[in-house]
Amino acid sequence: MTQTADQPSQATSQVERERREAGQRIERERSEAGQQAEREQAKREQAKRERAKRERGDDASAGCLVFGASGYIGSHLVPRLLDEGISVRASSRNPAVLKARGWEGVDCVAADALDPASLDQALAGIEIAYYLVHSMAAGKDFGRIDLEAAANFAAAAERAGVKRIVYLGGLVPDDAESEHIVSRRDTGEVLRRGSVPVTELRAGIIVGPGSAAFEVMRDLVYHLPVMITPRWVQSKSPPLALDNLLMYLVRLPQIDAAEGRIFDAGGPETLTYREMMRILAEVGGHRPPLIIPVPVLTPTLSAYWLRFITAVPTNIARALIGGLKHDFSADDAELKRLVPQQLLGFREAVEAVFTAERESAPVVARWIEGAFAVRQQRIDYAYYAKRAGGSAETSAPPSAVWEVVSRIGGDDGWYYMNGLWQLRDLLDRLAGGPGGKHGRRHPSDLRVGDRIGSWSVIGLEPERRLSLAFGMRAPGAGMLEFDLEPSVDGGTKLSITAYWHPAGVWGLAYWFSFQPVHQFIFGGTAKAICQRAETLGDSQSRTKSVD
């Protein structure tokens, strides 16, 4: 009788669940349609503004500057602004990183907030300046560096006649005391001391690929079945989806009422970090880890062992962990009124992250931080890479250096400490991997797809770059790149860099065990290649003289 009585109840629950899911699906579709309509309207308004500027004789090239475009938020904001029809200038301390992203129509410039002279060129003709930099990666004293950089930028924006600065800060609890949170708050204060109006957007955890807080949780969840943690796992925060944050950043500069104001930004739900990690595991198809909070383990103490658990840069991870003892909340009613949009819940946001990763380009021609193809299409492989390398300079031209590089792994082996390369091949074969049995297709000619021992060629630019994918058995995914940079005197600088995306603690243990050898062998290999290139160059010069 119990079984018969339960059946109608179960059927009713199933129908109700299906109705809810259908309603949610319809709501999402409506929201997406609404957002698309908003984007189209924004494009029309932007085109109208550009036409008006041309009719007035204004500088039509003036648009917005994304200061810190090589960072996590900046690298996502630039293409979003381009989609909106907004002209963009992108800055970074290393503009080559920006140019490698292939952003069409973007003016990429070099600028450093600690170098005031570089800011004037970056800000010239700019109306809206996004300030998206921080100095957490610098380690100690990053708070002072942040304030100095902000003061320089505010002064330069004033000199350039910028109309508004848009600053992305962080949520600030009433009892804030960690250097990371205080620095984010005080950076906004320093920017506001200038004459240029500032719109500050304060956000907590951003749910998106590459977000430091999100990637720390990803590494913890997928690589530790049992976690002994501080009490911060019970702290609360309103996580915000990356797409929602980008919408706020794009729209706020277009709203006059947002000028000179501070807005909190949060997602539709407030969760503990423990709840977030459970959901993250479930969405990825993993069993949620067993989490054991220990009162005596403080965030400061836990930050010291993070380098052995996560591939997120240690200084950044430590700065973030230091502020996790606080509960965060977002008073975002006014922001939601000014910029209405459908906010994604944490589960939906995580699903969006994994969908975006799986739909990304299946093949890349060079190493790019976080590229899913480099990580072998594994959501549990670390987004951030560990790296090691060496470099050398030579008077030989890039053509001679490239000729030597393109013969690597052939009859002359790897040019330096061949015994170590052979030992690594042997260890791989003993572990069931391919080792170096593949050899080479041709002694000097290279093509994409060729094998060089256990490595495969995934990209090459003659006289510029060779990119090799790691093919041995190991807990993670890696690449090795040879970069040739011509010098003004006709010579070449050769850099060899290994990148490693570890799979959890075993992947990190693997990396740390080989790290001392990496530093030694890559520097020696670069020198050996340069020496051979000089000998080859001398030989070619003598041949030309005889001719």
Side-chain angles (χ1 to χ4, degrees), residues 366-367 385-428 434-447 450-472 474 478-500 511 513-544:
R366 57 170 297 184
W367 180 83
K386 297 293 185 182
R387 62 188 75 186
S391 63
E393 297 187 26
T394 174
S395 58
S399 58
V401 177
W402 178 256
E403 185 166 344
V404 179
V405 169
S406 62
R407 292 175 178 271
I408 201 163
D411 293 338
D412 293 327
W414 293 76
Y415 304 129
Y416 183 73
M417 300 300 291
N418 281 331
L420 289 178
W421 291 95
Q422 293 166 1
L423 175 61
R424 182 64 186 91
D425 284 341
L426 175 61
L427 293 175
D428 186 55
K437 65 182 180 182
H438 293 286
R440 283 189 55 136
R441 176 187 58 82
H442 188 277
S444 60
D445 180 60
L446 278 181
R447 301 173 185 168
D450 279 356
R451 299 298 296 265
I452 301 178
S454 59
W455 302 81
S456 58
V457 179
I458 68 167
L460 57 85
E461 301 174 49
E463 301 186 17
R464 180 65 185 90
R465 180 183 295 107
L466 173 65
S467 302
L468 306 177
F470 183 75
M472 297 184 185
M479 284 188 65
L480 184 65
E481 287 199 327
F482 298 77
D483 282 283
L484 287 66
E485 181 181 346
S487 55
V488 293
D489 60 359
T492 310
K493 179 180 179 180
L494 172 65
S495 299
I496 303 176
T497 307
Y499 302 95
W500 181 248
W511 172 260
S513 66
F514 281 94
Q515 191 173 23
V517 178
H518 288 157
Q519 300 289 78
F520 167 72
I521 200 168
F522 293 139
T525 301
K527 291 178 183 178
I529 291 174
C530 286
Q531 289 171 356
R532 285 175 178 257
E534 289 174 1
T535 301
L536 178 64
D538 291 342
S539 175
Q540 291 175 342
S541 297
R542 287 195 296 271
T543 301
K544 290 181 180 179

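Residue indices begin at 1 and follow the sequence shown.
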- Step-by-step side chain to side chain contact (heavy atoms under 4.5 Å, CB included) determination, Ser495 to Glu485: CA-CA 8 Å; Ser495 299; Glu485 181 181 346; 5.9 Å; no
- Message: According to side-chain contact (heavy atoms from CB on, under 4.5 Å), who are the partners of Ser513, at least two apart in sequence or on a separate chain?
- Response: none
- Task: Check side chain to side chain donor-acceptor pair (under 3.5 Å) between Trp367 and all other residues, then give those that pass, not counting sequence neighbours.
- Result: His501
Please report, to 0.1 Å, the donor-acceptor pairs under 3.5 Å made by any side chain of residues 457-464, with sequence neighbours excluded.
| from | atom 1 | to | atom 2 | distance (Å) |
| --- | --- | --- | --- | --- |
| Glu461 | OE2 | Arg465 | NH1 | 2.6 |
| Arg464 | NH1 | Leu484 | O | 3.1 |

- Interatomic spacing from CH2 in Trp455 to CD1 in Ile408 - rounded to 0.5 Å: 10.0 Å
- Task: With sequence neighbours left out, write down each residue that passes side chain to side chain donor-acceptor pair (under 3.5 Å) with Asn418, or none if nothing qualifies.
- Result: none
- Query: Hey, what do you get for CZ (Phe470) to OG (Ser456), rounding to the nearest 0.5 Å?
  - Reply: 11.0 Å
Less than 3.5 Å apart, which donor and acceptor atoms pair up between the side chains of residues 387-398 and the rest of the protein, not counting sequence neighbours?
| from | atom 1 | to | atom 2 | distance (Å) |
| --- | --- | --- | --- | --- |
| Arg387 | NH2 | Glu369 | OE1 | 3.1 |
| Thr394 | OG1 | Ala396 | N | 3.0 |
| Thr394 | OG1 | Glu534 | OE2 | 2.8 |

- Query: Taking only residues two or more places apart in sequence or in another chain, which ones pass ring-ring contact (aromatic ring centres under 6.0 Å, His included) with Tyr415?
  - Reply: none
- Item | Inter-residue atom distance Leu446.CG - Arg441.CZ, 0.5 Å rounding | 7.5 Å
- Query: Considering residues at least two apart in sequence or located in another chain, which fulfil the side chain to side chain donor-acceptor pair (under 3.5 Å) criterion with Asp411?
  - Reply: none
- Message: Ignoring hydrogens, what is the shortest heavy-atom contact between Glu481 and Met479? Give both atom names and the distance.
- Response: OE2-CE, 3.8 Å
- Is there side-chain contact between Leu420 and Trp414, with heavy atoms separated by less than 4.5 Å? no
- Message: Return the CG to CZ distance between Leu468 and Arg366, rounded to the nearest 0.5 Å.
- Response: 13.5 Å
- To the nearest 0.5 Å, tell me how far Ile496 CD1 sits from Leu466 CG. 10.0 Å
- Do Arg532 and Asp412 have side chains that get closer than 4.5 Å, going by heavy atoms? yes
- Does a side-chain heavy-atom distance below 4.5 Å link Ser444 with His442? yes
- Note on the structure: Nearest heavy-atom approach of Trp511 to Ala498 is CH2-O, 4.0 Å
- Message: For a 4.5 angstrom cut-off between non-hydrogen side-chain atoms, does Tyr416 reach Ile521?
- Response: yes
- Rounded distance [0.5 Å steps], CG in Leu494 versus OG1 in Thr525: 9.5 Å
- Taking only residues at least two apart or on different chains, which pairs with a member in residues 489-499 satisfy salt bridge (charged side-chain N to carboxylate O under 4.0 Å, His left out)? none
